Amino acid sequence: MDTPLTTIAVVGLGTMGTGIAEVLARAGREVVGIDISEAAARQAVASLEASTARSVARERITEQERRDILARFRTFSDLRAAADAELVIEVVPETYEIKQQVFRELDAVVSPAAILATGTNALSVTRLAAESQRPERVLGLHFFNPAPAMKLVEVVSSVLTAPPAVESVTRLARELGKEPVAVGDRPGFVADGLLFGYLNQAAAMYEANYASREDIDAAMKLGCGLPMGPLALLDLIGIDTARTVLEAMYTASHDRLHAPAPVLGQLSEAGLTGRKAGRGFYTYDAPGGQTVVPDTLTPAESAGAATGRRVSSVGVAGSGTMASGIAEVFAKAGYAVVLAARSQEKADTAKARIAKSLGRSVAKGRLTEEARDETLARITPAGSLDSFADVDLAVEAVAEDLEVKRQLFQTLDKVCKPGAVLATTTSSLPVVAVARVTSRPEDVIGMHFFNPAPAMKLVEVVRTVLTADDVHATVREVCVKVRKHPVDCGDRAGFIVNALLFPYLNNAIKMVEEHYATLDDIDAAMKLGGGYPMGPFELLDVVGLDVSLAIEKVLHSEFRDPGLAPAPLLEHLVAAGCLGRKTGRGFREYARR
């Protein structure tokens, strides 16, 4: 039953089909490209000619190799051209009607031993297979865009798929230089199943006017190391395509997180489908263009009318890694810093940690010894918050416990001079709850740094309904002076980054609970298919499962969405003391240091 896959037909020569054809032709396969549009076929040939010409110019292939690649790619307008193919990959528009019509016609054309693969990322492979005359030879082969560059290929089996067919296409994927991941048949599979829920939540966040499109995208790029922000990515994928995928996911899951945000439907109906239309969440220089151009939603250069307060000295409360990192950031930027802890000894230890950090920067050539010494000289360790009497900005970085923070802010209210800005670095607690314990809630704001603070560029600036305009302006100005990127958001659970990140992580855990995919396959899928710097389980173990669970509980408590309820597996691991890297075991085991 197993056959060599040397002649392969690609049905549908849009962007994805053309990319798959290129990958196959470069790997030595005979490729039959089929599209009812002669213009699409010509464009596919032109694209391969241009791509291979660039490869010759960069000396990656010879001119003879280029000619051989081009000779292996032939285009046709009739499905009968697939008659001799051992594998047919369809990448036609994402509707059952069109795909089923293609499969019916292929049944009458190809040999009984041929494998039929669908490139769908949203529709049921099982449903397509069931209507074929050879359901055991039908499977999903989901490449990622752009196919020549992206390493991930999801190999999707239905309950009807024969193992030899899966083995054949898996072997082919490896021979193409790809990383195949075996998954079952459910909408979105692994990568898109996790990715599109996150994109949908970002669209809903924008629609709710919680944050600007620019701030949402900047937050996820700078806070999570993602190659693109979610709204820019929706424009790239196609807003209509995203809506189709989400509709399929919601039909299968009935999870409200997958119910397409209304703005996706509104933009799709208006023809504003993203880059391909020249306008989606952003406006582009032309249909199909990549350059974002200003529009009516683009923030003005002088957006902040308020003038900030003068800040020359900063107090940082806390002695942990975050407090030390924040103190280092301010001192490097030239601010006089008071680093206050519960005792002088703890404050001295925190300053010593900063000295080590700066020493590493000197060793790597990023900082001179003179700059290190000047930075350390600006930091005064103290064993009491009384030392904050003259600071212009007080930043707390103590335990993520509301009662602890309230007590600290009551003390800051008494100690700090009138006009001092009081900032909390909380990542999940309500800022207004600490503001209300002071006599000056208008001076209180959230200033959420990310760990490690010296390296991470993002700061979420969190206004409450009581925060004064000049306090907000002060913090934004200070962020720029310390070379951080401020993004504005309101005072609600998770702010931007955690509100989008942790439901995605929770959904990944649910996939493992349901035995849909392994930890390794999910991590590989998100790194290779989504461009994530870490897979979800790698990240959970680094963040700490107890920290992750606490944030999930806060999100679930505030938004009351059943889909945000923490996955039971996460709760069980935390209860067992398996908290991630810090305990040597979380989702994976780690060597003890």
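The figures here come from the full heavy-atom set of this structure, side chains too, leaving out hydrogens, waters and symmetry mates. On a predicted model such as this, the values are computed, not experimentally measured, just so you know.
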**Message:** salt bridge (charged side-chain N to carboxylate O under 4.0 Å, His left out), that's the test. Do Asp295 and Arg279 meet it? Break it down for me.
**Reply:** CA-CA 10 Å; Asp295 57 22; Arg279 185 177 165 194; 5.7 Å; no
**Item:** Polar contact flag, side-chain donor to acceptor under 3.5 angstrom, Thr464-Asp491
**Value:**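 Judged by distance alone, the side chains do not pair up.
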**Request:** Scan side-chain atoms only and decide if Asp217 and Tyr282 contain a donor-acceptor pair under the 3.5 Å cut-off.
**Result:**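 A pair is found: one side chain offers a donor N or O, the other an acceptor, under 3.5 Å apart.
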Do [Y] and [X] meet the salt-bridge criterion of a basic N to acidic O distance under 4.0 Å?
{"X": "Glu477", "Y": "Lys481", "answer": "no"}
{"X": "Glu396", "Y": "Lys405", "answer": "yes"}
{"X": "Lys527", "Y": "Glu179", "answer": "no"}

Would you say [X]'s side chain and [Y]'s backbone share a donor-acceptor pair under 3.5 angstrom?
{"X": "Asp215", "Y": "Asp488", "answer": "yes"}
{"X": "Thr411", "Y": "Gln407", "answer": "yes"}
{"X": "Thr467", "Y": "Val444", "answer": "yes"}
{"X": "Arg588", "Y": "Arg585", "answer": "no"}
{"X": "Lys484", "Y": "Met456", "answer": "yes"}
{"X": "Asp413", "Y": "Ser439", "answer": "yes"}

**Request:** Assess whether side-chain contact (heavy atoms from CB on, under 4.5 Å) is satisfied between Ile237 and Leu199, documenting all intermediate values.
**Result:** CA-CA 11 Å; Ile237 292 168; Leu199 296 177; 3.8 Å; yes
So which heavy atom on [X] is nearest to which on [Y], and how close?
{"X": "Cys416", "Y": "Val391", "result": "SG-CG2, 4.5 Å"}
{"X": "Ala423", "Y": "Met447", "result": "CB-CB, 3.9 Å"}
{"X": "Thr474", "Y": "Val311", "result": "CG2-CG2, 3.6 Å"}
{"X": "Arg476", "Y": "Pro486", "result": "NH1-O, 3.7 Å"}
{"X": "Met322", "Y": "Phe449", "result": "CE-O, 3.7 Å"}
{"X": "Asn200", "Y": "Ala261", "result": "OD1-N, 2.8 Å"}

[Y] and [X], any side-chain heavy atoms less than 4.5 Å apart:
{"X": "Glu207", "Y": "Gln266", "answer": "yes"}
{"X": "Leu466", "Y": "Val432", "answer": "yes"}
{"X": "Glu460", "Y": "Ile496", "answer": "yes"}
{"X": "Phe450", "Y": "Leu222", "answer": "no"}
{"X": "Asn498", "Y": "Val554", "answer": "no"}
{"X": "Ile445", "Y": "His472", "answer": "yes"}
{"X": "Leu402", "Y": "Val434", "answer": "yes"}
{"X": "Pro568", "Y": "Glu513", "answer": "yes"}

**Asked** How are the rings of Tyr198 and Tyr504 set to each other: parallel, tilted or perpendicular (split at 30° and 60°)?
**Response**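 Taking Tyr504 first and then Tyr198, their aromatic rings sit tilted (interplane angle of 30° to 60°).
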Measure the spacing between [atom1] of [X] and [atom2] of [Y] and express it to the nearest 0.5 Å.
{"X": "Leu226", "Y": "Leu501", "atom1": "CG", "atom2": "CG", "answer": "8.5 Å"}
{"X": "Tyr210", "Y": "Arg492", "atom1": "OH", "atom2": "CZ", "answer": "5.5 Å"}
{"X": "Arg353", "Y": "Ser319", "atom1": "CZ", "atom2": "OG", "answer": "7.0 Å"}
{"X": "Met526", "Y": "Phe537", "atom1": "CE", "atom2": "CZ", "answer": "11.0 Å"}
{"X": "Leu458", "Y": "Lys221", "atom1": "CG", "atom2": "NZ", "answer": "11.5 Å"}
{"X": "Lys356", "Y": "Ser324", "atom1": "NZ", "atom2": "OG", "answer": "11.5 Å"}

**Request:** Please test Leu234 against Leu267 for side-chain contact (heavy atoms from CB on, under 4.5 Å), starting from the C-alpha separation and ending with a verdict.
**Result:** CA-CA 11 Å; Leu234 279 164; Leu267 290 170; over 6 Å; no
**Message:** side-chain contact (heavy atoms from CB on, under 4.5 Å) for Phe495 and Thr426? Distances and angles first, verdict last.
**Reply:** CA-CA 10 Å; Phe495 310 135; Thr426 182; 4.2 Å; yes
**Message:** Between Lys417 and Asp392, is the salt bridge (charged side-chain N to carboxylate O under 4.0 Å, His left out) condition met? List the steps.
**Reply:** CA-CA 8 Å; Lys417 65 187 180 184; Asp392 303 306; 2.7 Å; yes
**Message:** Checking Arg213 against Asp235 for the salt bridge (charged side-chain N to carboxylate O under 4.0 Å, His left out) test, could you report, in this order, the C-alpha distance in whole Å, the side-chain angles of both residues, the deciding distance, and whether it holds?
**Reply:** CA-CA 12 Å; Arg213 60 190 181 182; Asp235 276 355; over 6 Å; no
**Prompt:** So which of Lys351, Gln344, Lys346 actually passes side chain to side chain donor-acceptor pair (under 3.5 Å) with Asp348?
**Reply:**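 Going through the options one by one, the only one that passes is Gln344.
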**Request:** Using side-chain contact (heavy atoms from CB on, under 4.5 Å) as the criterion, point out the one residue from Val183, Leu519, Thr518, Ile522 that pairs with Met511.
**Result:**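 It is Ile522; the other options fail the test.
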**Prompt:** Checking side-chain contact (heavy atoms from CB on, under 4.5 Å) against Phe587, which of Ile509, Asp523, Val512 comes through?
**Reply:**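 That would be Ile509; it is the only one of Ile509, Asp523, Val512 passing the side-chain contact (heavy atoms from CB on, under 4.5 Å) with Phe587.
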**Message:** A quick test of your reading: do over 12 heavy atoms of other residues, nucleotides or ligands sit less than 6.0 Å from CG of Asp373?
**Reply:**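 More than 12 within 6.0 Å, yes.
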**Asked** For Asn506 and Leu564, what are the C-alpha separation, side-chain angles and deciding distance, and is it a side-chain contact (heavy atoms from CB on, under 4.5 Å)?
**Response** CA-CA 8 Å; Asn506 202 42; Leu564 295 175; 5.8 Å; no
